[in-house]
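Counting starts at 1 for both ligands and their atoms, following the listed order.
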Amino acid sequence: MERFRVVGGARLAGRVRVPGAKNSALKLMAATLLAEGEFRIGNLPRILDVEIMAELLRRMGCEVRLEWTDESAGTAFVSVPGEIGHEADYDLVRRFRASIAVLGPLLARCGRVRVARPGGDAIGSRGLDMHIDGLTRLGARITTEHGFLVAEARSGGLVGATVELDFPSVGATENILMASVLAKGETVIDNAAREPEIVDLCELLDAMGAKIDGAGSSTLRIQGVDRLWPVSYDTVPDRIVAGTFGVAAAMTQGDVRVDHARPEHLRIALDKLVAAGAQVSADPDGFRVVMERRPRAVDVVTLPYPGFATDLQPQFAAMNAVAEGTAMITENIFEARFVFLQELARLGADVRTDGHHAVLRGVPRLSGAPVLSSDVRAGAGLVLAGLVADGTTHVSGIHHIDRGYAGFEQQLRALGADITREDDH
Ligand code: UD1
């Protein structure tokens, strides 16, 4: 086990480059299962989940070579055979929730699939009902046995249908989309998720020969095709990592240029930084955040995209903890995300929660203490809090942070932060 030792007080300054989005990369890798041949998926973040997804693809019979170009990014070369396996075991699946993304592609390609129900972050109940209902609408029969989801298409394969999601679930939209591209006829997904990572997946599938209309809107229309082909594709930059560095710059009253980010994917978050008092300048390849004062408190309400991202909520909570004034945070996506606020309180934050609302009264300074990250974004929030706390903060449970941030401490150190990785006894 390892932990981060963060000594507070540094003002972050310099440039940082954002790698590809974890939440896209894993789905793009899963989508390779839809076609036989040689894929190249570039701009991957160098994180454990990418390695686990590579291992999962190998179990399906693919050959996967990961080439890392530096401490944060790399490329996957995936060779998908004509006949692929259709079983994903618990030993891999339990290690990350995104493994459920192989359900749709395997069902489309093999007509049947057995996938262990995933584990992942401890941030809420994270049901699979919308995945299951959607695939059932396409004609799959789905049962659960011994911890596995078993799905089988009818003898002629999946058939297009209209699926109305109760909620724009990212994972359910992706699974239904990946299943539908090889189904017979037209599929319509209503109330689909609109996240940039969904658009990225649609663009990959389009390049592979799929016919999809409406990417980025709440209605996706898919005309099934008989077969798809392999392609070379680069992952969209990670908006959450980019946003994390933006908040870090604002909190530490720093000056950080975030390269290779898409500011249009972070409109609300960047507007919030402006409301907090930062100067934000954006161009098509990134943005710069300059802060010359103590941040002002900003309210945050998490919602499906284009609303404020739940994955940036803990980082903004950390900023509000040291802001001037009082902020209300409303978490609408994952009910357990406020566990993190108890850790923030250990650093001296003045926080009160009531259901899915939290009120943070900014204090002039936090004070370093040992804290534990409960999920990847909570971990990032705690590191940011450590950057502005007096003395030393030890952040344990950093395997969570490593799942979403490639070379996090190296990148923060390059900006002037005092952060080191050490054994957690
Ligand atoms: C993805 C992201 C995660 C992000 C989230 C919301 C990945 C690997 N993870 O997670 O970082 O925070 O989108 O932007 O891409 N739900 C159900 N039934 C379902 C599906 C979802 O009840 O069938 C619930 C979940 O419990 C959760 C909410 O819907 O409360 C949102 O889930 P969803 O949008 O599916 O998020 P994920 O795809 O799991």
When you look at CZ of R46, are more than 12 heavy atoms from neighbouring residues, nucleotides or ligands closer to it than 6.0 Å?
yes
Check T310 against ligand 1 and report side chain, backbone, both or neither, counting heavy atoms closer than 4.0 Å.
side chain
Under a 4.0 Å heavy-atom limit, does I333 contact ligand 1 with its side chain, its backbone, both, or neither?
both
Do any N or O atoms from the side chain of S373 and from the backbone of A378 form a donor-acceptor pair under 3.5 angstrom?
no
Taking the side chain as everything from C-beta on, heavy atoms only, tell me whether V247 gets closer than 4.5 Å to L273.
yes
What atoms in ligand 1 come closer than 4.0 Å to a heavy atom of K27?
7 (C), 8 (C), 15 (O)
Using a strict 4.0 Å cut-off to heavy atoms of G171, name the atoms of ligand 1 that fall inside it.
35 (O), 38 (O)
Close-contact set for ligand 1 against D311 heavy atoms, below 4.0 Å:
3 (C), 4 (C), 11 (O), 12 (O)
What about V170: any of its N or O atoms under 3.5 Å from an N or O on ligand 1?
yes
Just by distance, do the side chain of N175 and the backbone of I100 share a donor-acceptor pair under 3.5 Å?
yes
Among the heavy atoms of L128, does any lie under 4.0 Å from an atom of ligand 1?
yes
Of the side chain and backbone of Y305, name the one, both, or neither that has a heavy atom under 4.0 Å from an atom of ligand 1.
neither
M130 N/O under 3.5 Å from ligand 1 N/O:
yes
Is there a side-chain hydrogen bond (donor to acceptor under 3.5 Å, both in side chains) between N43 and T235? Walk through the geometry before answering.
CA-CA 5 Å; N43 198 32; T235 314; 5.5 Å; no
Of all the heavy-atom pairs spanning E195 and Y305, show the shortest one and how long it is.
OE2-N, 3.2 Å
Evaluate side-chain hydrogen bond (donor to acceptor under 3.5 Å, both in side chains) for Y233 paired with D200, printing each intermediate quantity in order.
CA-CA 10 Å; Y233 190 84; D200 206 31; 2.6 Å; yes
Pick whichever of L165, D129, D49 has a heavy atom sitting closest to atom 22 (O) of ligand 1.
D129
